[in-house]
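Note sheet for the following structure.
Positions are given from 1, in the same order as the sequence printed here. Just the heavy atoms: all of them, side chains too, but no hydrogens, waters or symmetry mates, feed the values below.
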Amino acid sequence: MKKNDRLKYEHFYGLIERHKALIERLCMRRASGDSRYCAELRQECYITIWKHEKQISADIHPLQETLWVYWLCRSAFSRLRFLHRTHLYFPLNENMADTIAAPDEGNLREYIETLSSVLNPHEHRAVELMAEGYTPDEMARELGIKPHSAVQLRYRIIAKLRQYYRPNNNN
């Protein structure tokens, strides 16, 4: 193991050890006592701290370090909440694939075309890619945009379609 890697691990584990109680308290409060969800939140906090570990120096004031960890945990919670809201589609597992009938491709394509008629050409192409099962990373490569922009584009398209086709919207 390289010396830099060892130092990074030591710095990370030191952060976790010093702020374990804070992280646990924040996760339990956010999870409302649900231990499984708390464990998921804790893991997200650790991942976020690991990703941003290089942003904080070893000689920072303890209060600033605590606030930094608090901010990262809150950021992880927000990110996780956003991801839970944006995942509209769930992948089929083997059991589900056997019990779900395949839709008629012609009717499905016509339905998607009808729905996406209110979109601009860029959004329409993104809907086609979404319908073909492209991930945001694959969509980004096809559309020539960044992966984060592809996720935002998906969100905006869904919001736009919901707005347009909302039953009380007199369009």
Side-chain angles (χ1 to χ4, degrees), residues 4-5 8-9 11-12 15-16 19 23 26-27 29-31 36-57 60 64-65 67-93 96-97 100 102-171:
N4 288 342
D5 288 343
K8 180 177 181 174
Y9 285 115
H11 187 238
F12 171 73
L15 282 169
I16 297 302
H19 301 288
I23 295 168
L26 290 170
C27 293
R29 188 178 309 143
R30 180 60 61 128
R36 180 178 287 165
Y37 188 51
C38 179
E40 183 178 351
L41 292 172
R42 187 180 326 106
Q43 190 67 29
E44 285 297 317
C45 289
Y46 291 168
I47 290 168
T48 303
I49 291 169
W50 174 258
K51 286 180 178 177
H52 299 288
E53 176 269 339
K54 64 182 171 279
Q55 294 176 349
I56 192 165
S57 66
I60 191 170
Q64 289 176 315
E65 185 180 86
L67 291 174
W68 182 80
V69 168
Y70 177 80
W71 177 81
L72 283 179
C73 289
R74 296 280 311 255
S75 178
F77 299 157
S78 296
R79 182 180 176 280
L80 193 61
R81 186 174 61 245
F82 174 76
L83 290 175
H84 281 286
R85 283 188 301 193
T86 58
H87 287 306
L88 302 175
Y89 306 104
F90 295 100
L92 295 179
N93 63 25
M96 292 172 63
I100 297 176
D104 181 17
E105 283 294 319
N107 289 340
L108 181 60
R109 178 152 303 281
E110 288 175 21
Y111 183 66
I112 291 172
E113 291 290 328
T114 302
L115 286 177
S116 61
S117 63
V118 299
L119 303 174
N120 65 40
H122 182 68
E123 293 168 334
H124 184 72
R125 175 69 179 134
V127 167
E128 288 175 349
L129 294 173
M130 289 166 56
E132 292 173 12
Y134 280 65
T135 65
D137 290 336
E138 294 167 336
M139 284 176 55
R141 280 192 296 275
E142 286 290 318
L143 297 172
I145 59 178
K146 294 180 182 177
H148 181 70
S149 298
V151 171
Q152 289 180 327
L153 179 62
R154 285 175 45 164
Y155 181 78
R156 284 195 311 270
I157 289 170
I158 292 168
K160 187 175 186 178
L161 291 174
R162 282 183 180 152
Q163 175 74 26
Y164 190 82
Y165 290 108
R166 185 173 286 142
N168 61 358
N169 190 8
N170 297 320
N171 285 336

Any side-chain donor paired with an acceptor under 3.5 Å for Y70 and R74? yes

Would you call the rings of F82 and Y155 parallel, tilted or perpendicular, taking 30° and 60° as the class edges? tilted

Taking every heavy atom of F77 against every heavy atom of C45, the minimum-distance pair comes out as CE2-SG, 3.6 Å

Under-4.0 Å salt bridge between E142 and R125: yes

I'd like to know if the side chain of T48 reaches the main chain of E44, judged simply by a donor and an acceptor atom lying under 3.5 Å from each other, with no hydrogens or angles considered. yes

Within the 4.5 Å heavy-atom criterion, are H11 and I56 side-chain neighbours or not? yes

Could you measure the distance from the CD atom of Q43 to the CG atom of L41? Nearest 0.5 Å is fine. 10.5 Å

Please tell me if the side chains of M130 and M139 come closer than 4.5 Å, counting only heavy atoms from C-beta onward. yes

Check: L119 main-chain N/O paired with S116 side-chain donor or acceptor under 3.5 Å: no

Tightest non-hydrogen contact, residues Y46 and I16, listed as CD2-CD1, 3.4 Å

Within the 4.5 Å heavy-atom criterion, are R81 and S78 side-chain neighbours or not? yes

Between atom SG of C73 and atom CZ of R30, what is the distance when rounded to the nearest 0.5 Å? 10.5 Å

